[in-house]
Amino acid sequence: MLPELSTTVCFILSGVLFTIGAVGAILRRNVIVVFMCIELMLNAVNLVFIAAANTLASMDGSVFVFFIMTVAAVEAAVGLAIFVMVFRQRNTIDPYEIDLLKG
Amino acid sequence: MADYIWLIPFFPLAGFLFNSAFGGRLSKSAVSWVACLAIFCSFIAAALVFAEFLRLPGAGRVFEMDLYPWITSGQFQVAIGFRLDALSVIMCLVVTGVGFLIHVYSVGYMHDDPGFKRFFLYLNLFVFMMLLLVTGNNLLVMFVGWEGVGLCSYLLIGFWYEKDSASDAGKKAFIVNRVGDFGFLIGIFLLFVSLGMKGVWTLNFAQIGQHAQLLDGPLVTIITLLFFVGAVGKSAQIPLYVWLPDAMEGPTPVSSLIHAATMVTAGVYMIARLNFLYRMAPDTLLVVATIGVLTAFFAASIGFAQNDIKKILAYSTISQLGFMFIAMGVGAYAAGIFHLMTHAFFKGLLFLGAGSVMHAMSGELDMRNMGGLREKTPVTYWTFLIACLAIAGIPGFSGFFSKDEILWKAFSASQGYLLIWGLAALTAGMTAFYMFRLLFGTFHGTCRASDEVKHHIHESPRVMTVPLVILAALSLVGGYVGVPHVLGGSNAIEQFLAPVFGQGAPAPAQPQTAFGFVSTAWASGGAAGHESSLEMLLMALSVAIALVGIFLAYLFYVKNPALPGRFTASFAGLHRWVENKYFVDELYERVFVRGVQRLGAFLLKVADGWIIEGAINGTADALQRLAGRLRRVETGYVQEYAFAIIVGAIVVVAYLVVIPMF
Amino acid sequence: MDALGLKDLAFIALAAAVIVTSLMMVTRKNPIHSALWMIAAFVVMAVIYLLLNAQFIAVAQVMVYAGAIMMLILFVIMLVHMERGDESAPAAARRSKTVRIAGAVITAILLAELLFGALLFQVTGKSGGLSTAAVNSAGNVKTVGALLYGEYLFPFEIASILLLVGIVGAVVISKRK
Amino acid sequence: MNEPFPYLSALILLPLAGSLVLMLLPRRQTLTIKAAALVLTIGEFILSLPLFFWFDERAVQMQFVEQREWFPEFGISYLVGIDGISMLLVLLTTLLTIVCVLCSWKAIETKIKEYYVSFLVLETAMIGALCSLDMVLFYIFWELMLIPMYLLIGVWGGPRRIYAAIKFFLFTMVGSVLMLLAIMVLYFHYAAETGVYTFNVFTLARASLPAVKQYWLFAAFALSFAIKVPMFPFHTWLPDAHTEAPTAGSVILAGVLLKMGVYGFLRFAIPLFPAAVVAATPLISWLAIIGIVYGAIMCIMQTDLKRLIAYSSVSHLGYVMLGIFAFNMQGLQGGLYQMLNHGISTGGLFLVVGMIYERRHTRMIADFGGLTTVMPRLAVFFMIITLSSIALPGTNGFVGEFLILLGAFRSNVTYGVLATTGVILGAVYMLWMFQRVMFGKITQEANRLLADLTKRETLILATIVLFVFLMGLYPGLFLRKMDASSAGYLKYVKARIAAMGAPAVQGPLGAP
Amino acid sequence: MLVKIPELAFGPILPELIITVSAMTALLLGAFGRRAIVGTIAGAVALVGSGLALLFTLSLWNAGAAVYNGLYTIDTFGTFFKALALIVAILVTLLSLRYVEREDIVKGEYYALTLFGVLGMMIMVSSTHFVTIFIGLEVMSIAIYVLCGMLSGNPRSAEASLKYFLLGAFATAFLLYGIALVYAATGLLDIREIADYIVSGRFQLTPLFMIGIAMLVVGFGFKTAAVPFHMWTPDVYEGAPTSITAFMATGIKAAAFGAFLRVFYTAFLPLLGAWSGMLWLIAVATMTIGNITALVQDDVKRMLAYSSIAHAGYILIAFVVGDLFSSVGILFYILVYTFMNIGAFTVVIILGQKGRQRTGIEHYAGLAGRHPLIAIAMTVFLLSLAGMPPLAGFMGKFYVLSAAIKAKYYWLAVIGVLNSVVAAYYYLRVVMYMYFREAAADAEPAGRPDFSPAYGVVIAVSVWALFHMGIFPRGFLLIAQRSVEIFM
């Protein structure tokens, strides 16, 4: 059974967004922007859930998205706190300068 | 009585054990008494057996007993067992008799040596081993003795271990002997296994003898040749003779006892003991005779150019052993044993005499620094002279009878060959020459020693001269046990030994073998007949040759001492070769010693080092390098880690989704 | 479905808008600009959610992301004075070219793989009992709420613990000694 | 319940319990520790004597068997027992451990407690490995041997001890882990075949493995054991390990640990994989022969005493392997006997070298010469042990070597002849070594002041020499004990080979 | 109408409740008191809470129930991992008692977060529903992100926190994407229903579904530190407070494997053939790269990180096989692995000093001479890690490998054992430093090790466990077998 076009568009869109987010996360040299890219990836996931829920006439997807958003919020809080902590110590949040641990 | 024959070897062992346990606390003389007594007891025991034998009929002259089972493994069962028969009893008498005399002599000779007690320990041990060798009733016990005497020889050659040359010589003796033992061992294995495959699992001489006919010809040839390899090693024949001259590094009584009278004849004894096998292998006998005569000649030729009196005697021993092997090779076992016995007397005497000379000359060995000892050491001189006459084969002396018997057998026996006889006879002349060269050089002429040495020259003490005299007497009369029929004797020794060797009867018909045509060709000239006239003629010839030899020696070294110099000058090249013993030692050194060392160095470096360790360390290194590289992947940059996750995701997706689609 | 309906066109247009805004977000040098583009992208997505009958989520999206998270992000950006954009650390400069090329390649491959799956997408899943009509008749928010407080009560409660952990964590972390 | 006293368990556990006791002793009281270790090892030896005297030498089957459930679901059980093959090795172990404790008395000055604890644990592992009839149990003890030995080499060893210890460990481990896999494959194969899960080696031997599988499994077992033996070309760990180990470590390494490899072949690899054995016999025999000659040639080149003796072990163990793979009574018994001999004589050589080393702190041959003058008593013992090592008749070495060569000769004349060349080479390197160390003039001043053997050292070496002669002159005492077991073993192996329908082993097998 | 208020069954989640209450108590204690004694009380609360929870968990051993509308499950498998998590919690709390004192970490929050982390683990492993699994995972992860950065003022700790956070969030996105795709393909979030659906006739194996599985592999691979998703591990393990490293290396890994196992063995077991090949590759890569990279590590903590990667590889060997036998092996291995690592990290902690971890291998030189007991304990842990009998590490390997052999994964087993030889090298390297080397003369003064009886308890328990499980593994294996029987 082929889905509606809108669903397909949403799946494609989610794939594109996920990729943009993933690539952005490895290319941008600002930890905050990296984090934003990760948020974008989460949104791509949300899109899949919503679209699938819509197609399958199930609300579980929406519920899951709710939890994802909760988690995203928590991650944002903790993550930004961590960035601030790092910045205080190192005065930079360029991921290429945060390399004390390696090898 | 048969049950007590183990006592014969036991006495020296007891002496050895007693002295090793308590020797440290006993005085020197007590130690030497114990040692001599032990040997004497053995001698008495052997003599008792001998006497018993004389009473018994020929067939009954065998005492055999097993002491206890030694090694038992499956069908392989060997006992520590002893066998006394005509052959071994003669050997026992020679070993203990001459051994006793040399023990006594050593008491004087070694008196001031710090290793006095140790010396007697070794000597007793040696006699024990030698007796084990000659009384063992199976090949393995014989082999024990065989190796045991080798060990004692090693220990005694290296007695003065602080001298590098001595310990080198000991080691050389042992190793060269081991080469021979290699053959001996393989021979034992082959014999055991081949007989075993016919259903007879034994190493006992008597049983091997009984079942020898089960073996087929080529196999026997191989087995006997292998045994002969052992004999070549122990009895210092070509090509394994090189250790014996070096063995003169040992104390002189040792040279006398081990390297002249007893141990070196073990090879001869072994062939005699296994005569029933050799009889079946004419090809081997031919090889034995050939090696024997070549060795005899070759060693004698080296003896020409040596100046060290003990070295000369050593080469002479090699040469005389060659004679014994000629006897073995032509099937004249009794003659060989006879010569073995007389040789023990006179060669023992010669060495003891040489020892006496050394004693007088403060340890000097080089003939060029001697001369004119005749007056100062008369007993030594006269006994030495008797021995020289005996070895030269002057009629009436013991060597004459035994050597002539061999020569005659070489000529006449069915396995005898003219060429062998000719070369042997020539060698006999050479022997006379170099022995008298030695005699003249040492005892005649003017003394060439330094003043200090000259001042000290004196006759040896009684304890040394008495054995000399006894041995001289034996050298004189020892031959009369084997006076040949042609001279009106009864050849008593041959008769006595007959139960062991058969009636001296040669093997019936010569089977055709690979060597067959050669032997027939060689034999065609010999063995014309048994006429006594021919025997007499040949005897006269050999005496003549000996006399010529003596005369030449007289000419060269007494009459005209300048002659040898001129002679060597004109044959400088040849002389250099002879003087340096044909560079055989150097050849061996280069080929074997350095060959093995070079191979070892090569293997150590290439096989162990490069290949095996290389492979292992290579793996380890590769892992380490890989680890270093992998470690550098871990850059510490968080985005590269994320990158790895993405790559991983791509791979996983590709593997799970994309690839299965195609 | 015969031709592209209005709804489909709207979807395609919105999708294009999301892609453009998110690309802008990723490519802007200034992180503040990125953040703003991100708000734009998330708002457009909220519209898509609306179209997909997820009204509650759409509203939540705007509130949580555009409201809370974005403010937080902007606040932090200000706090750490990062408005000047990417700095060029020496290590980064060395690596930037390789990383860019690799990034491009990765983009292509990942996208290809994901689209491969998405384009072959077929509805094979088990249909739930909640058709759009049923949900709409009960009210979307109400349905979600019923699920959250009913069936999903347990994770919902855990989510509260999660928030607590987040708060505690953020406090602990950012506390100055 | 009239259960017999569990001798084997007691033997296995006593040293372990002893090591725990030792651990509790105060560190400072070194004498107490040493004495306790000595008492324990002597007690262990006494405890092992009933094995010898109450051993039924006519019985073919395992004796002193104990079986306890351990993990019935997996078929792992605590199953121990000995036969004539392992019994003597157990005794050798208990004897040599006493010797080792004695010879470490003065030589070990640091971490004394740990040293003896390691030794006792090692003893447990060795005896356990020799008695185990359950393959998992065996493997556990087998691996357990590694650790104390690793520590013995690494802590109390020479200058390159770390390298040697690690090399020893890794070499042995490479082989043994593959063996573990092979054990498992066999286990599951048997289970699939019969539905019975067991690690009992005798039960597993009844599995009918296809030939190809046998080859693989045998290869894994053989690799493990060949490294331990060590056979050429897996020997390179041995010189390093021996050289760096403390004297007692070398003694126990040469004396017992190497035998574990051969024992493994005998107990496991051969009965389990008869078809593979037939196929591998030529290869192993050739490797053994190469080992004999190669080891001997390597000895000639060595400048370090312990290295030399280590390479001589390669040579000697080559004989053992050759004998065992001759598959006849003489070869097998010779191999077994030679294992004991090697333990005694090579152990003795290491002891002598250790005694010299304690005095001079060097093992370089070039640093010696003329020691006979200052150490006559040592010279006597050294000479006897050397001669035993070159298999002079009358010493123990001869009996073993002769039987091995005879056995090899019976199975294949070429093998016999080639192996016999080792007799010559053996004399060459040993005597040359002896000469360079003991004979000649004293060239170095330091050697002039060396003291001769102390009473303790004399006692140690006298024990060794006693066995040299006892085993050389009256081998029946020991051979008898292994007679029935060896004959039964051969019969069993040959029946297995025949059952596999495999061609008979090369050469005239004959009856045992 | 649609509201299905679940039966509020508190009995089955009593352990979780206890942990939550303890965590909050600790939090409050931390909030209202700053004196040292308060911190200790918080620790005590955590200990008592974990202990009680453990007792209740074990009492639920035979209970089997799906509660809260099937979103939460009480079964033997979950109980096994919950008990394990609680044991880890107890041990980590014990070793933290002194450690947080030394490193001056805010105690109330520390214990609270640790307990929350444990709570997350417990939820994660007891869930048969993706929502609950995800939430549990996040509770655990967020707590750990924070705990990693709790060495205040220590840039390494902060960096570890940052890296773990970024990558964790990144990987979570993958995991979620996987869940979403599986949801899209099946319409289900309950893994038991998914399993039923897969075996029903209506299911079609679409690429979307497989991408979903792939993304789940990525997500769980990250949490279990499988190659190539492992790269965070060494950095984070090195930078984090050592007690937290121990927690991560044992608790998180166990919980992640628990969830991984439950999801894959419950939902996707019928498709084993489709994904086991991938895991084969990952297992091999994980073992090999983990072990080989560990060869050159000079920092013991970092070495242990790589070793934990390698051990994940060993566990994956059994994972590939996918039968009862192998699952038993996985559980047993994880159990064993927990004790070896806790023990090893405890020793690492003991040797550290305030602000200086002293984890370089050179600091271990001559340890046997200075502190023989510590050295012996460390040796036991390392040898067990290396898989030497009679220690439990050997038994663990034994079962994992025999599972592979039984299923005829011969090459996997061979690679596994060869890897264990490589591993032996670097474990022994530490032993070597402890016993064979003497401390360098110019090394900084060793000082007294930071010892407290609590460490002793942890070490003693671990050593005992390793010997016990090595010599008498039967009981534990039977428990493991009971636990995994639910899958088969």
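Letters go in sequence order (proteins before strands), and every chain restarts at 1.
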Legend entry - From CA spacing to verdict: side-chain contact (heavy atoms from CB on, under 4.5 Å), D/Leu392, B/Phe174: CA-CA 11 Å; D/Leu392 197 85; B/Phe174 198 94; 3.7 Å; yes

Legend entry - Structural part of D/Phe402 lying under 4.5 Å from a heavy atom of chain B: both

Inset, instruction - May I have the step-by-step check of side-chain contact (heavy atoms from CB on, under 4.5 Å) for B/Asp164 and D/Lys441, ending in yes or no? - result: CA-CA 8 Å; B/Asp164 282 335; D/Lys441 283 199 172 56; over 6 Å; no

Legend entry - Heavy atoms from other residues, nucleotides or ligands near CZ of B/Arg590 exceed 12 (cutoff 6.0 Å): no

Inset, instruction - Measure distances from D/Leu473 to the heavy atoms of chain B and classify the residue's part below 4.5 Å as side chain, backbone, both or neither. - result: both

Legend entry - Nearest heavy atoms of B/Val144 and D/Pro393, plus distance in Å: CA-CB, 3.5 Å

Inset, instruction - List for me each residue that meets side chain to side chain donor-acceptor pair (under 3.5 Å) alongside D/Tyr311, sequence neighbours excluded, and say none if there are none. - result: B/Asp608

Inset, instruction - Give, as side chain, backbone, both or neither, the part of B/Ile186 having an atom under 4.5 angstrom from any heavy atom of chain D. - result: both

Legend entry - Minimum heavy-atom distance B/Gln75-D/Gln330, with the two atoms named: N-NE2, 3.6 Å

Inset, instruction - Kindly check if the number of other-residue, nucleotide or ligand heavy atoms within 6.0 Å of CZ (B/Arg598) is above 12? - result: no

Inset, instruction - Answer with side chain, backbone, both or neither: which region of B/Asp168 has an atom nearer than 4.5 Å to a non-hydrogen atom of chain D? - result: both

Legend entry - Minimum side-chain heavy-atom gap D/Tyr474-B/Tyr68 below 4.5 Å: yes

Legend entry - Distance in Å, B/Leu603 CG paired with D/Tyr294 OH, rounded so as to fall on 0.5 Å steps: 5.5 Å

Legend entry - Inter-residue atom distance D/Leu406.CG - B/Ser73.OG, 0.5 Å rounding: 8.0 Å

Inset, instruction - Identify the two heavy atoms, one from D/Leu405 and one from B/Phe189, that lie closest to each other, and give their separation to 0.1 Å. - result: CB-CZ, 3.2 Å

Inset, instruction - Pick one of side chain, backbone, both or neither for B/Ala607, based on which atoms fall under 4.5 Å of a heavy atom in chain D. - result: both

Legend entry - Max heavy-atom pair count under 4.5 Å with chain D, selected residue of B/Tyr154, B/Trp160, B/Phe192: B/Tyr154

Inset, instruction - Go through the atoms of B/Leu185 and report whether side chain, backbone, both or neither lie under 4.5 Å from a heavy atom of chain D. - result: side chain

Inset, instruction - Show your reasoning for whether side-chain contact (heavy atoms from CB on, under 4.5 Å) applies to B/Arg178 and D/Val428. - result: CA-CA 9 Å; B/Arg178 274 263 158 162; D/Val428 173; over 6 Å; no

Inset, instruction - Please confirm whether D/Phe398 and B/Phe143 have ring centers closer than 6.0 angstrom. - result: yes

Legend entry - Residue pair B/Thr72 / D/Leu479, side-chain heavy-atom distance below 4.5 Å: no

Legend entry - Side chain / backbone / both / neither for B/Ile80 at chain D, heavy atoms under 4.5 Å: neither

Inset, instruction - Verify side-chain contact (heavy atoms from CB on, under 4.5 Å) between B/Glu162 and D/Thr372, making sure each step is shown before the conclusion. - result: CA-CA 9 Å; B/Glu162 288 190 337; D/Thr372 307; over 6 Å; no

Legend entry - For D/Phe439 against B/Ser167, the heavy-atom pair lying closest together: CD1-CB, 3.4 Å

Inset, instruction - Please look at D/Tyr337 and chain B and tell me whether the side chain, the backbone, both or neither of the residue comes under 4.5 angstrom of a heavy atom of that chain. - result: neither

Legend entry - Contacting region of B/Phe182 [heavy-atom separation from chain D under 4.5 Å]: both

Inset, instruction - Go through the atoms of B/Ile616 and report whether side chain, backbone, both or neither lie under 4.5 Å from a heavy atom of chain D. - result: side chain

